[in-house]
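Below: the structure, in structure tokens.
On a predicted model such as this, the values are computed, not experimentally measured, just so you know. Order of appearance sets the numbers: ligands from 1, and atoms from 1 within every ligand.
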Amino acid sequence: MSMRVYQRAAVAAIVWLGSCSPKPPQDRTTEPAPAVVPRATLAFEAVRVFDGERFIERATVLVDGDTIVAIGPDLAVPAGAERVAAEGATLLPGLFDAHTHVQGPEDLDRALVFGVTTEIDMFTLPELARQLREPQADGAAEGRADLRSAGILVTAPGGHGTEYGVPIPTLDSPSEAAAFVDARLAEGSDFIKLVYDDGSGFGMDLPTLDRDTLRAAIEAAHRRKVLAVVHVSSQHEAIEAIESGADGLAHLFLDEPPSDAFVRAAERHGIFVTDTLAVLASSCDGTRGAALAEDPRLAPWIGPVERHGLLDRFPAAERPSCEPALQSALRLHEAGVRVLASTDAPNPGTAHGVSLHDELALLVRAGLSPAAALRAATADPADVFGLEDRGRIAEGKRADLVLVDGDPSKDISATRAIRGVWKRGAALDRGLAKARVREQWAEVERARSAPPPAGLAAGLVSDFEGKELRSEFGAGWHHSTDAMIGGKSTVELAVKGGALRITGSVDGSRLPAAWAGAMFFPGEQPMRPANLAGKPTLVLRARGDGPMAVMVFTTRSGPTPAMARVEIGKQWAEHAVDLRTLVDEPYDVSGIFIGGPARAGEFELWIDDVRFR
Ligand SMILES: [Zn+2]
């Protein structure tokens with residue numbers, strides 16, 4: 001066995017040195033010739049292993065370079081191998097999250113910190129997916145999780161997926177389905193995600209693909225030999241999607257307990273389901289994200305923006321029950337249908353990486369064994385998405401590994417006690433990740449204890465007397481529209497007759513995420529935090545086309561503002577917005593936007609005597 005290990009080592013080392021050395025070429029005349037040795041040889045000795053399907057109480061796992069080269073009882077450890085302290089620990093394959101939305105490279109960084117080595121994205125922009133995918137091919141993406149992505153989803157005009165303010169192409173007839181699918185594949189989509197959701201599962205009324213168009217698009221995907229995954233939110237949609245040929249469903253539903261007809265259809269068609277229990281639990285219960293954020297095994301790696309996401313909740317008049325989804329997960333699993341661990345991060349109540357650990361707990365709560373839950377996050381998604389190089393601890397597989405303290409076969413929450421993460425054999429520096437998070441929190445604390453901006457004591461921001469657009473403190477007023485994300489909204493700011501006139505037009509194609517208005521930066525520079533906690537209420541006079549949008553940006557919540565709509569009329573009137581109702585404590589306010597109504601077309605509004613109280 002060890003002989004074979006060394007042969008593979010030599011091959012791996014040659015390939016690596018030849019193709020992807022990150023170091024600049026060295027001067028060969030002064031440097032000794034590079035020895036043919038593996039860049040790293042790791043040995044996990046006498047460790048409990050979950051191999052992707054079952055637990056093995058005691059085994060040795062050998063890694064050479066980026067590959068697992070041996071697993072067996074009491075294997076000899078080659079000389080020179082780094083012995084990883086694994087006593088009392090369990091070694092898992094790197095985890096998958098089979099349903100996320102990636103908005104930037106940092107999402108994949110954060111996923112890896114929590115042991116998620118592969119994310120299956122269910123809708124992002126193709127340009128971002130391309131930028132993230134490219135370095136994966138040559139091993140340059142080792143500090144973050146790998147990505148597979150649906151790219152742009154297939155939805156009807158005005159359907160789910162069009163509400164995020166980013167214009168996307170839509171599909172409205174079967175005859176266009178083949179060209180539509182081909183366009184997605186040309187953009188780089190790894191599979192096709194479709195939306196079959198008329199909103200009724202959540203008491204809404206939304207346009208959606210009709211059955212013929214759904215079927216035509218699924219068939220088009222199949223002709224190109226890629227998977228078709230269909231988003232649904234009710235049981236009848238789930239059954240219709242299965243009968244239309246879906247390979248997989250995105251989401252379980254909450255509207256009904258699973259029927260025999262549903263379970264039989266899923267079984268007969270051999271589908272899989274990205275159950276997204278983690279996000280469903282956030283709409284049902286809304287407290288699990290906070291529990292994750294408080295877990296001492298996870299908290300030191302959770303930064304302010306993630307914590308904000310975990311504590312966030314779906315707005316809901318009443319909380320539905322998650323029992324139907326938990327029952328579906330169990331019944332499908334018992335029928336042999338692959339239920340894939342998936343979170344739908346970063347939706348409210350979830351965050352990349354960390355929420356996968358709650359998803360595993362929810363699968364166990366549904367009635368799956370810990371081994372079945374872990375398989376749903378390792379071997380099964382690898383098989384479903386054709387990633388045969390990973391998802392298992394077996395000879396020849398990628399060394400994507402997570403070492404956790406304790407025994408997840410007895411307590412699934414042991415997956416949270418992460419001792420180490422390796423991607424393609426490279427150890428992640430979790431100490432550095434923790435230090436970065438600590439620094440983010442230190443920045444929050446600095447903002448909280450920072451003195452208020454000079455001038456806040458007097459309270460006045462602008463009375464718009466004089467000709468110039470100026471403010472008594474802060475970095476002043478600036479134009480702000482959705483043009484910064486490619487929109488066509490416009491705005492003009494003019495000081496006239498002792499007030500500020502804000503006129504413009506709202507790009508209807510981007511609603512509800514279109515905006516046009518004026519942004520006041522209370523910090524010394526644009527988007528730097530200002531401590532407004534001493535005078536937390538924004539007061540202004542206003543008139544014009546309402547409702548007026550007020551958005552508050554804080555450092556801790558990142559790019560996503562909190563928003564209030566203020567009803568205004570044709571006559572001047574004073575309005576007050578208590579920032580504490582939007583952002584708890586307004587100690588790190590980086591911008592306050594005041595703008596036009598969320599409806600397409602021209603608007604005109606006037607503001608005056610803007611102050612904090
Ligand atoms: Zn989703």
Side-chain angles (χ1 to χ4, degrees), residues 96-104 107-108 110-111 116 118-126 128-129 132 145 147-156 159-166 168 170 184 189-199 201-202 204 206 208-209 227-234 237-238 241 246-254 271-284 288-289 309-310 312-315 320 322 325 328-329 339-356 358-359 362 376-377 381 384-385 513 560:
F96 278 69
D97 187 335
H99 187 141
T100 69
H101 300 279
V102 172
Q103 294 162 337
D107 293 342
L108 298 174
R110 302 304 300 153
V116 173
T118 305
E119 284 205 359
I120 309 290
D121 167 87
M122 288 281 169
F123 173 26
T124 194
L125 294 180
L128 174 64
L132 294 174
L147 175 73
R148 292 293 182 280
S149 174
I152 291 172
L153 41 65
V154 184
T155 193
H160 173 53
T162 64
E163 71 271 43
Y164 301 108
V166 183
I168 55 169
T170 54
R184 303 290 77 74
S189 294
D190 296 297
F191 59 96
I192 298 295
K193 160 101 177 278
L194 306 98
V195 174
Y196 188 60
D197 183 353
D198 65 8
F202 288 100
M204 291 160 68
L206 288 174
T208 192
L209 300 175
L227 295 173
V229 184
V230 182
H231 161 111
V232 295
S233 71
S234 67
E237 288 160 352
D247 300 289
L249 297 180
H251 310 298
L252 285 170
F253 41 82
L254 302 177
I271 66 150
F272 63 89
V273 182
T274 69
D275 61 36
T276 67
L277 292 177
V279 78
L280 294 175
S282 157
S283 70
C284 299
R288 298 184 69 95
L310 288 170
D312 199 6
R313 301 173 73 161
F314 280 102
C322 265
S328 290
V339 175
L340 305 184
S342 45
T343 64
D344 211 359
N347 272 289
T350 66
H352 286 271
V354 59
S355 289
L356 200 268
D358 193 39
E359 168 70 19
L362 284 161
V384 162
F385 287 95
T560 314

Could you count the protein N, O or S atoms found under 2.8 Å away from the Zn ion (ligand 1)? 3
Under 3.5 Å donor-acceptor, Thr124 side chain and Val102 backbone: yes
Looking at Val339 and Ala329, what are the two nearest heavy atoms and their distance? CG2-O, 3.8 Å
Per side chain to side chain donor-acceptor pair (under 3.5 Å), His99 is matched among Thr276, Asn347, Asp344 by Asp344
Mind checking whether Phe123 and Val195 have side chains closer than 4.5 Å, heavy atoms only? no
Would you call the rings of His251 and His231 parallel, tilted or perpendicular if under 30° counts as parallel and over 60° as perpendicular? perpendicular
Met204 CE to Asp198 CG distance, which is reported to the nearest 0.5 Å: 10.5 Å
